Participant: 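This structure is in structure tokens; I'll ask about it shortly.
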Amino acid sequence: AQSVTQLDSQVPVFEEAPVELRCNYSSSVSVYLFWYVQYPNQGLQLLLKYLSGSTLVKGINGFEAEFNKSQTSFHLRKPSVHISDTAEYFCAVSDRGGSARQLTFGSGTQLTVLP
Amino acid sequence: GAGVSQSPSNKVTEKGKDVELRCDPISGHTALYWYRQSLGQGLEFLIYFQGNSAPDKSGLPSDRFSAERTGGSVSTLTIQRTQQEDSAVYLCASSSQTYGYTFGSGTRLTVV
């Protein structure tokens, strides 16, 4: 079984400032890692995913995340945020070995970009 | 279709009534998932369908919840005798190669 911890429930940041949304996971097996974004009244949209290879993963809208196996972390970063990045962000993990690929989600981080 | 379609988008029901939520996945996607998103919380896995295999129902919170998937395509999540704690957004997702999902916009269920 896996679990995901998103350490910050709310992150306010000014426009054009950098941001980091933290995610830590716990698993007894190797995992795949994902970040999703949810805009108000919409479903979840995949931002980026780590399956294998380079630990630095680039996604849409200028976001990137780095997989750190020793620290079991997968923090999401953006060097300069825009008002339009205001949304809820979810980190998720799935078991590499299982066939179901069921995702376990964190509780989410609300990013609010202030003018 | 182009995306995962869920209906209705909003549903208000009286406590004790039954409700049906519908999910129309992306054509050709063999895997279909239902999740529940309660206010201020993450996504809670409910049930998973993969092709013709028996569904994984391990996330259903009580026997009032059931789901079916007809013809390997459309799925219906049924909640019987709704309770106020059932109020949440119910999200459906489908997947083809099992790496990452495509989510629908969800059904916001309010039990009054």
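In what follows, every chain begins at residue 1, and chains take the letters A, B, ... in the order their sequences are listed. All values reported here derive from a predicted model rather than from experimental measurement.
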Participant: Given heavy-atom pairs under 4.5 angstrom as the criterion, report whether the side chain, backbone, both or neither of Gln45(A) touches chain B.
Facilitator: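 Neither part, no heavy atoms under 4.5 Å.
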
Participant: Can Tyr39(A) be reached from Phe63(A) by stepping across I, L, V, M, F, W or Y side chains whose heavy atoms are under 4.5 Å apart?
Facilitator: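 Yes: a chain of side-chain contacts under 4.5 Å links Phe63(A) to Tyr39(A).
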
Participant: Rounded to the nearest 0.5 Å, how far apart are CD of Gln38(A) and CG of Leu91(B)?
Facilitator: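 Interatomic distance, Gln38(A) CD to Leu91(B) CG, rounded to 0.5 Å: 6.5 Å.
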
Participant: May I ask you to decide if Leu103(A)'s main-chain N or O and Tyr33(B)'s side chain share a donor-acceptor pair within less than 3.5 Å?
Facilitator: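 Checked: no pair found.
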
Participant: At what distance, to the nearest 0.5 angstrom, does OG1 of Thr104(A) lie from CZ of Phe45(B)?
Facilitator: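 Going from OG1 on Thr104(A) over to CZ on Phe45(B), the span is 9.0 Å.
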
Participant: Do Trp35(A) and Val11(A) share a hydrophobic cluster, counting only Ile, Leu, Val, Met, Phe, Trp and Tyr and linking them when any side-chain heavy atoms are less than 4.5 Å apart?
Facilitator: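 Trp35(A) clusters together with Val11(A).
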
Participant: How are the rings of Phe105(A) and Tyr35(B) set relative to one another: parallel (under 30°), tilted (30 to 60°) or perpendicular (over 60°)?
Facilitator: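 Phe105(A) vs Tyr35(B) ring planes: perpendicular.
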
Participant: Answer yes if Leu46(B) and Val89(B) sit in the same cluster of Ile, Leu, Val, Met, Phe, Trp and Tyr residues linked by side chain heavy atoms under 4.5 Å apart, and no otherwise.
Facilitator: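 No; tracing contacts between hydrophobic side chains, which count when under 4.5 Å, never links both residues.
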
Participant: Determine whether more than 12 heavy atoms belonging to other residues, nucleotides or ligands lie under 6.0 Å from atom CZ of Arg108(B).
Facilitator: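 Atom CZ in Arg108(B) is not crowded, with 12 or fewer foreign heavy atoms closer than 6.0 Å.
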
Participant: Of the backbone (N, CA, C, O) and the side chain (C-beta and beyond), which part of Leu43(B) lies under 4.5 Å from a heavy atom of chain A, both, or neither?
Facilitator: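 Both backbone and side chain.
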
Participant: Please classify the contact of Glu44(B) with chain A as side chain, backbone, both or neither, using a heavy-atom distance under 4.5 Å.
Facilitator: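 For Glu44(B), no heavy atom lies under 4.5 Å from chain A.
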
Participant: Treating Ile, Leu, Val, Met, Phe, Trp and Tyr as nodes and any side-chain heavy-atom pair under 4.5 angstrom as an edge, say whether Leu56(A) and Tyr32(A) lie in one connected cluster.
Facilitator: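 Looking at the clustering, Tyr32(A) is in a separate group from Leu56(A).
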
Participant: If you group Ile, Leu, Val, Met, Phe, Trp and Tyr by side-chain heavy-atom gaps below 4.5 Å, do Tyr50(A) and Tyr89(A) land in one group?
Facilitator: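 Yes: a chain of side-chain contacts under 4.5 Å links Tyr50(A) to Tyr89(A).
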
Participant: Applying side chain to side chain contact (heavy atoms under 4.5 Å, CB included), run through Tyr36(A) and Phe103(B) and close with a yes or a no.
Facilitator: CA-CA 10 Å; Tyr36(A) 284 84; Phe103(B) 279 89; 3.8 Å; yes

